[in-house]
Amino acid sequence: MIHRKHQTTTTKNVKLIQAQGLENKDLIGKSDPFAKLYIRQLHSMIQTSKVIDNHLNPIWNEHFEFVIEDASTQNLTVEIHDQDRLQTSELIGCAQVKLSELDPGKVKDVWLKLVKDLDVHRDNEDKGNVHLELLYCPDGAGNEFINPFTSNLSMTLLEKVMKDGSGVENGDLVDKKTRVLITKGVLSVTVKSGEDLPPADLMGKADPFVVLTMKKTGNKNKTRVIKENLNPIWNETFDFVVEEGLHDLLIAELWDHDTFGKDYMGRCIMTLTRVILEGEYEDSFQVIGAKSGKLNLNLKWLGCEESDLELKPMATLEVKLIQGHALTNKDLIGKSDPYAKMYLGPERGKTQSSKIIDNDLNPIWNEHFEFVVEDTSTQHLTVEIYDDDGLQASELIGCAQVKLDELEPGVVKDVWLKLVENLETPKEDEDQGHVRLELLYCPNGVREMFLKEDPGGENGDVLDKKKRIVIRGVLSVTVMSAEDLPPADLSGKADPFVVLTMKKTLTKHKTSVVYQNLNPTWNETFDFVVEDGIRDMLIANIWDHDTFGKDFMGRSIVTLTRVLLEGEYEGSFQIESPKSGKLNLNLKWSAQPVHRKS
């Protein structure tokens, strides 16, 4: 009888990040690449990625785990194929990593050159490159992780190792600092500088700026433009609230600003694994897609650490930038192109920017931002509204501030702020316009508005058990009446009607016309199916009916936050444009619960 020695099972964690410059296998369009990964080339042990349609520079961002029998002899093989639905998929290229070259317990980020045949290497082959992140965990991952794809397992091996400290005894992963589940937190990214960027203009220069994007959420921030420079210095810091750090990516795209648009210069893609492990680091990242160039970044991670089964709270300020009204025009021809910058004081630091609204003095942004709050007694939110000018530096329209100690924890506050030129010396009679915000201060942790379950339910109306969940449902709007509308006809009367529009879907309903009346009564009800109540808004435009058209009388913009919280309410809403007038509405919310996975 032969007695076999028990062999300890080890595990390899692989993140398939991206590929670059893949060979095109299609005559029309581009390849549809997907990856096959395996340690042993058995059908049951080959793992396959999703297909990225029509792309030679795909981003996958997928995790895979493999059981390893003998690291001294085994390799990880990656094959990139072009999917063809009419015939067999065609191999684009392949690459291998020897497991013996990996340091146990340490994350390795690698770019692999793809070749046609692993047994016949040719230096002049150019099939593209594939980007992987690898973690080899020997002797101690335990039988618990042998089959990570069963339905009762929700975390990757890396998350489990970081949570309970099992797996690697001598590596960097299991020291006391990282023996916690710290995949949720805030990522602070400082865009420091660029080096040796390729020329993008006829003058041999470029006007570069950087757009940062989180892959999972699509949240974006961008730097200012540096004119006529191939070695720009920004030193700008941006914060991102991250829900799943180990499954997210930071994408830094480099663009050249032009008068009538922008030109793509290249990109860098960073996983968050290293910054989660180390807390903070600086590095120089090669700009992929450009002939030359590096981007210098500092990344810092502020995680929700687990200690004695309790999560350390992190206070946040949720800001919805709703709209501006009657902004000062800074353009000689046309109107200003406003956008907002926001940061928490007292000192200017991590700034977040809104999108630009072209040629509009009454812009509607409807954008969300999140800030980490350190001390409400000393901090304030500063909002600056600028006019974007592609030919020169943006010009300040006006600014405003909100003191955080004036906000009630867990209660949504809707505010109109008067804009001034200088916060230090405001003038009573100046009129730079107004900006409207919706604010929510959450002292007990990062959460997306009020939609996530509060462990204790102690934070007021926003976070009680009845109102944890609802963003999808039906909004019923009853247009009841209007008061003190301004005259619109020569007779000193008006023929008003109301058009209701949901901002996200552009679904519209309109009331009947009430003739010759400045205090009309409608009492008409309309239903809207809403998919994302927190990020949608209701726009009520009031019009005067004429025989050959209509005249705009004003508008009211209503966020859905209050009706989501209260279920139903009646309100009298000021009509923005006219000198007088209010619109009386009844709003009712019928929710379809959406339970988010933890």
Side-chain angles (χ1 to χ4, degrees), residues 209 220-222 224-225 257 259-260 319-345 348 351-369 371 380-403 413-439 486 499 501 503 535 537-543 551-559 573-583:
F209 66 97
K220 295 178 183 288
N221 279 304
K222 71 174 183 178
R224 66 186 186 278
V225 176
H257 176 79
T259 303
F260 301 105
V319 180
K320 178 184 280 187
L321 174 65
I322 302 173
Q323 64 185 122
H325 178 64
L327 301 181
T328 300
N329 193 3
K330 295 293 185 178
D331 290 353
L332 295 176
I333 301 175
K335 300 175 183 178
S336 295
D337 307 313
Y339 69 95
K341 287 186 177 182
M342 292 180 282
Y343 61 90
L344 289 185
R348 188 184 190 97
T351 303
Q352 299 193 50
S353 299
S354 76
K355 62 190 176 185
I356 298 169
I357 307 295
D358 293 332
N359 198 42
D360 203 328
L361 301 180
N362 299 285
I364 299 175
W365 284 287
N366 190 29
E367 293 187 60
H368 280 78
F369 303 90
F371 297 89
H380 50 253
L381 174 70
T382 299
V383 184
E384 298 174 340
I385 307 299
Y386 288 86
D387 171 33
D388 180 70
D389 193 331
L391 299 178
Q392 53 189 341
S394 298
E395 186 174 1
L396 179 68
I397 295 175
C399 48
Q401 274 186 353
V402 178
K403 294 181 179 179
K413 186 172 184 178
D414 190 300
V415 294
W416 277 97
L417 302 176
K418 181 181 179 181
L419 297 172
V420 297
E421 285 187 330
N422 191 323
L423 290 169
E424 301 294 331
T425 57
K427 301 176 183 177
E428 292 185 4
D429 58 344
E430 68 176 318
D431 187 7
Q432 308 296 329
H434 292 76
V435 63
R436 184 183 174 195
L437 307 177
E438 191 175 74
L439 306 171
V499 177
T501 306
K503 173 70 172 173
R535 290 175 175 80
M537 55 173 53
L538 175 70
I539 302 174
N541 287 316
I542 299 92
W543 297 87
D551 296 320
F552 182 67
M553 299 181 69
R555 72 181 179 193
S556 299
I557 296 179
V558 184
T559 68
F573 300 91
Q574 185 68 43
I575 300 171
E576 293 168 22
S577 292
K579 296 179 180 179
S580 64
K582 292 185 178 181
L583 184 64

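All figures in this text were calculated on a predicted structure; none of them were measured in a lab.
- Here the CD atom belonging to Glu384 is positioned 9.5 Å from the CD atom belonging to Gln401, to the nearest 0.5 angstrom.
- Here the CG-CD1 distance, from Asn366 to Ile539, works out to 8.0 Å after rounding to the nearest 0.5 Å.
- With Val435 as reference, Leu419 is the one residue of Leu327, Ile322, Val415, Leu419 to meet the side-chain contact (heavy atoms from CB on, under 4.5 Å) rule.
- A distance of 5.0 Å separates CG of Asn541 from CZ of Phe552, quoted to the nearest 0.5 Å.
- Partners of Asp414 by salt bridge (charged side-chain N to carboxylate O under 4.0 Å, His left out), not counting sequence neighbours, listed by chain and number: Arg436.
- Here the shortest heavy-atom pairing between Lys341 and Ser353 reads CG-OG, 3.6 Å.
- Across Lys320, Arg535, Glu438, a single residue satisfies side chain to side chain donor-acceptor pair (under 3.5 Å) together with Thr559, and that is Glu438.
- Proximity of a side-chain donor or acceptor of Glu395 to a complementary backbone N or O of Asp389 within less than 3.5 Å is not detected.
- Residues Val420 and Asn422 fail the side-chain proximity criterion, which asks for heavy atoms closer than 4.5 Å.
- Between Tyr339 and Tyr386, the angle of the ring planes stays under 30°, which puts this pair in the parallel group of the 30/60° scheme.
- Expressed to the nearest 0.5 Å, how far CZ of Phe369 lies from OG1 of Thr351 amounts to 11.5 Å.
- The CD1 atom of Ile542 lies 9.0 Å from the CD atom of Glu576; values are rounded to the nearest 0.5 Å.
- Partner Arg555 forms a side-chain contact (heavy atoms from CB on, under 4.5 Å) with one of Ile575, Asn362, Leu583 and no other, that one being Asn362.
- Between Gly334 and Asn329, the shortest heavy-atom distance links the atoms O-ND2, 3.0 Å.
- Within 6.0 Å of the NZ atom in Lys330, the count of heavy atoms belonging to other residues, nucleotides or ligands exceeds 12.
- The shortest heavy-atom contact between Lys403 and His380 is CA-CB, 4.0 Å.
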What's the verdict on side-chain contact (heavy atoms from CB on, under 4.5 Å) for Trp416 and Gln574, showing C-alpha distance, side-chain angles and the deciding distance?
CA-CA 12 Å; Trp416 277 97; Gln574 185 68 43; over 6 Å; no

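- Taking each heavy atom of Ile557 and Met537 in turn, the nearest pair found is CG2-SD, 3.6 Å.
- Using modelled atom types and a 3.5 Å distance limit, the side chains of Ser336 and Asp331 yield no donor-acceptor pair.
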Show your reasoning for whether side-chain contact (heavy atoms from CB on, under 4.5 Å) applies to Leu396 and Glu421.
CA-CA 8 Å; Leu396 179 68; Glu421 285 187 330; 5.7 Å; no

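- Shown here for Arg224 and Phe209, the closest heavy-atom pair between the two residues is O-CB, 3.5 Å.
- Here Ile385 contributes atom CD1 and Met342 contributes atom CE; the two are 8.0 Å apart, rounded to the nearest 0.5 Å.
- Minimum heavy-atom separation, Leu361 to Thr328: CD2-O, 4.2 Å.
- No side-chain donor-acceptor contact under 3.5 Å links Asp387 to the backbone of Pro338.
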